Amino acid sequence: MKEDLVLQDIDLHALASGSELVFGAVRLRLTVHCEPCKQVGTSVSTRTLMHRRGYLMQIMAPGPLTLGSPGHVRSDVYEEIPYRAVDRVAWYLRRLDGPIASTQLMEALGLPMGMCRALPRMLRHIDPTDAGKVTFKSAERRARAERLATQARGQI
């Protein structure tokens, strides 16, 4: 479950990832658009809701927020996070020093857990050194990811 913050007079979808919302001492970094979840998709077409659900945010400085708290936007504060899933995975892995479990990677990037199935194919399209940082619970998935990474090395 994600926390909700409703904003008035700020068009979130016009803001770039990396922008910061400031409410007094509270600072929130916009990371990536919230994608429609399966529960909502049973009532409304997920295509209708694409880029209309909100943003995932990272709390940079916590504090109290109350109804009517005045705020403003600071642009270009942080690096923009790529939107496409494969680009986002590559961006994150480049900055990572050690291994990460596939499920932790999905959570860190705000991607649905269902995308873990597509992760081995995505890893084929990124630097093999970075792709090798991802670990999988399932030995079968791990073997598939290693095969795809080996194939990708042969193509580079």
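Just so you know, these numbers come straight off a predicted model, no measurement behind them. Numbering starts at 1 and runs along the sequence shown.
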- Where is the tightest heavy-atom contact between Ala16 and Leu30, given as atom of each residue plus distance? O-CD1, 4.2 Å

- Hey, is CD on Gln58 packed in by over 12 heavy atoms from elsewhere, all under 6.0 Å? yes

- Item | Minimum-distance pair of heavy atoms, taken over all atoms of Val32 and Pro82 | CG1-O, 4.2 Å

- Looking at Thr31 and Ser17, what are the two nearest heavy atoms and their distance? O-OG, 2.5 Å

- Where at least one partner belongs to residues 20-29, residue pairs that pass salt bridge (Lys or Arg N to Asp or Glu O under 4.0 Å), sequence neighbours excluded: Glu20-Arg27, Glu20-Arg74

- Query: Do Thr135 and Ile100 touch side chain to side chain, with heavy atoms closer than 4.5 Å?
  - Reply: no

- Message: Would you say that Leu21 contacts Leu12 through its side chain, given a criterion of any heavy-atom pair below 4.5 Å between the two side chains?
- Response: yes

- State the CH2-CD distance between Trp91 and Glu79, to the nearest 0.5 angstrom. 5.5 Å

- Drop me the distance from Leu105's CG to Lys133's NZ, to the nearest 0.5 angstrom. 11.0 Å

- Query: Is Met57 linked to Leu65 within one hydrophobic cluster, defined over Ile, Leu, Val, Met, Phe, Trp and Tyr using a side-chain heavy-atom separation of less than 4.5 Å?
  - Reply: yes

- Enter the distance from Ile81:CD1 to Leu56:CG here, rounded to the nearest 0.5 Å. 9.5 Å

- Task: Indicate the atoms forming the closest heavy-atom contact of Phe23 with Gly71, along with that distance.
- Result: CD2-CA, 3.6 Å

- Message: Quick check for you: to the nearest 0.5 Å, what is the distance between Met122 atom CE and Cys116 atom SG?
- Response: 8.5 Å

- Shortest non-hydrogen contact from Ala61 to Ala25? CB-O, 3.4 Å

- Check whether any side-chain heavy atom of Leu119 lies under 4.5 Å from a side-chain heavy atom of Met106, and answer yes or no. yes

- Message: Are Leu96 and Leu93 packed together at the side-chain level, in the sense that at least one heavy-atom pair is separated by less than 4.5 angstrom?
- Response: yes

- Task: Mind checking the OG1-CZ spacing from Thr129 to Arg94? Nearest 0.5 Å is all I need.
- Result: 12.5 Å

- Task: Flag yes if Leu7 and Leu15 sit in one hydrophobic cluster, no otherwise; membership is Ile, Leu, Val, Met, Phe, Trp, Tyr, and two members link when side-chain heavy atoms are under 4.5 Å apart.
- Result: yes

